[in-house]
Amino acid sequence: MAHPDRFLLAGVMGWPVMHSRSPLLHNYWLKQHNLAGTYVPLAIAPEGLAAALRALHPLGFAGCNLTIPHKEQALKIVDEVDSVAKSIGAISCVVVRPDGSLGATNNDCYGFIQSIKQEQPGWRADHGPAVVIGAGGGARAVCYALAQEGAKEVRLINRTLDRAKKIAEDFGGPIKALPWEERHEALSGAAMVVNTTSQGMLGQSSLELKLDKLPARALAADIVYIPLETSFLAAARRRGNPTINGLGMLLHQARPAWRAWFGVEPQVTAELRAMMEKTIPL
Ligand SMILES: NC(=O)c1ccc[n+]([C@@H]2O[C@H](COP(=O)([O-])OP(=O)(O)OC[C@H]3O[C@@H](n4cnc5c(N)ncnc54)[C@H](OP(=O)(O)O)[C@@H]3O)[C@@H](O)[C@H]2O)c1
């Protein structure tokens with residue numbers, strides 16, 4: 001439990017960083033839990049990352065989140081990286097330990113799975129094949145999470161096939177890389193399809209994916225959360241598929257960070273979602 005007489009400090013390091021929704025989320029929880037503290041956006045240029053991370057302890061920070069472009073670079077700076085972050089090859093959360101050393105993990109996979117479990121309580125990873133579109137950082141977290149949850153088959157499809165092959169090589173098991181041209185057909189018999197590309201994000205073109213072969217009850221998920229409903233999700237919803245947007249993943253990945261920094265377990269409530277949704281363009 002956080003010390004009642006301490007001003008709690010945490011933040012997010014990114015470059016740029018002012019678009020981040022994390023300060024809104026964490027400051028909501030600080031207020032909700034009646035804790036004195038603040039969570040700040042920290043604009044840190046790549047060449048300043050090591051010094052900024054080392055400054056966390058003397059400044060009294062409990063830790064920080066990392067966003068683009070720091071998630072991979074930080075692996076070489078922190079003192080201890082757990083097995084999840086090592087497997088994914090990226091850090092999302094740094095924890096300052098009592099002796100000042102820096103521990104690190106990746107909570108994106110936890111966020112992805114918890115978001116599905118909250119919104120689709122009957123969901124199980126082994127219900128049928130999952131199709132994952134994209135092979136960037138988000139895809140690595142999603143593939144790792146699905147494999148950990150017991151998925152038997154993950155059809156991984158990316159515009160650049162080699163990146164998908166690399167994930168299949170790194171994680172092995174159920175993950176099979178398929179060429180981009182096969183994405184429409186790959187939906188056949190799937191229990192779930194996840195967009196992890198940046199396609200559909202505000203300012204980007206839509207994901208080109210024909211949903212004709214997607215079974216009627218398959219879950220369609222997008223990790224993009226700006227806008228809340230991408231054109232891919234809208235198309236899935238119109239044909240009756242259950243859908244999940246990327247906001248839940250963002251909210252849930254923040255919960256274990258809080259546990260590690262402040263010893264408190266915050267919840268993702270309908271009120272929190274509504275507050276966050278108001279700040280996201282439709
Ligand atoms: N909800 C959350 O908590 C959460 C967490 C992480 C990420 N995200 C979101 O997920 C999205 C991806 O993030 P990331 O970090 O994984 O990015 P990333 O590492 O840069 O990967 C981008 C992915 O998009 C693909 N892509 C880009 N342009 C494309 C195009 N024109 N056609 C087809 N594929 C294209 C890339 O394919 P190539 O390999 O061929 O370039 C790659 O697979 C972003 O919108 C991000 O905000 C959300």
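Excluded from the calculations below are hydrogen atoms, water molecules and symmetry mates; all remaining heavy atoms, backbone and side chain alike, are included. FYI, the numbering just counts along the sequence from 1. Numbering of ligands and ligand atoms starts at 1, following listing order.
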Inset, instruction - Quick one: which residue pairs count as a side-chain hydrogen bond (donor to acceptor under 3.5 Å, both in side chains) with a foot in residues 36-47, not counting sequence neighbours? - result: Tyr39-Asn65
Inset, instruction - Please determine, by modelled atom types, if Asn195 and Thr197 share a side-chain donor-acceptor pair under 3.5 angstrom. - result: yes
Legend entry - Distance-only donor-acceptor check, side chains Gln118 and Arg273, under 3.5 Å: yes
What are the distances between nitrogen or oxygen atoms of ligand 1 and protein nitrogen or oxygen atoms, counting only those under 3.5 Å?
residue	atom	partner	partner atom	Å
ligand 1	1 (N)	Ile223	O	2.9
ligand 1	1 (N)	Gly246	O	2.9
ligand 1	3 (O)	Leu250	N	3.4
ligand 1	16 (O)	Gly137	N	3.2
ligand 1	16 (O)	Gly138	N	2.7
ligand 1	19 (O)	Gly137	N	3.0
ligand 1	24 (O)	Ser198	N	3.3
ligand 1	31 (N)	Arg159	NH1	3.2
ligand 1	31 (N)	Gln199	NE2	3.3
ligand 1	37 (O)	Asn158	OD1	3.2
ligand 1	39 (O)	Asn158	ND2	2.8
ligand 1	39 (O)	Arg163	NH1	2.8
ligand 1	40 (O)	Arg159	NE	3.0
ligand 1	40 (O)	Thr160	N	3.1
ligand 1	40 (O)	Thr160	OG1	2.5
ligand 1	41 (O)	Arg159	NH2	2.9
ligand 1	43 (O)	Ala135	N	2.9
ligand 1	43 (O)	Asn158	OD1	2.7

Inset, instruction - Before accepting this row, confirm whether a basic side-chain N of the pair Arg155/Glu182 lies closer than 4.0 Å to the acidic partner's carboxylate O. - result: no
Inset, instruction - Please confirm whether the backbone N or O of Trp180 pairs with a side-chain atom of Arg183, one donor and one acceptor, at under 3.5 Å? - result: yes
Legend entry - Positive for side-chain contact (heavy atoms from CB on, under 4.5 Å) with Asn245, one of Leu250, Asp222, Ile223, Leu233: Leu233
